[in-house]
Amino acid sequence: MLLLLPITQGHEWGWSLPSAIGCFAGVAFALMALVAWFGLRRIQVAQHHAAEAAAGRVVVAESEVLPGSR
């Protein structure tokens with residue numbers, strides 16, 4: 001919505017009017033924030049999967065010990 005406003009009203013407002021530039025800047029900021037949020041979320045998911053895999057390896061390693069060998 002913030003992007004559509006200056007596109008539709010830019011010819012009436014003038015493209016260099018602070019409100020039009022502010023709308024474009026707001027859209028750019030929102031897109032950067034969204035990309036950063038998705039990037040951080042992806043890192044968190046990868047860390048979670050890595051931790052689960054490491055925990056699974058520990059369980060497998062402990063289960064392979066023969067009874068009475070300790």
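Sequence positions, counted from 1, serve as the residue numbers for this chain. All values derive from a computational prediction rather than experimental measurement.
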Does Phe24 reach the side chain of Leu3, with side-chain heavy atoms less than 4.5 Å apart? yes
Contacts of Leu5 meeting side chain to side chain contact (heavy atoms under 4.5 Å, CB included) (sequence neighbours excluded), chain-then-number -> Gln9, Trp13, Cys23
What residues, two or more places apart in sequence or in another chain, satisfy side chain to side chain contact (heavy atoms under 4.5 Å, CB included) together with Leu31? Val27
ILVMFWY cluster membership beyond Phe38 - transitive side-chain contacts under 4.5 angstrom: Leu34, Trp37
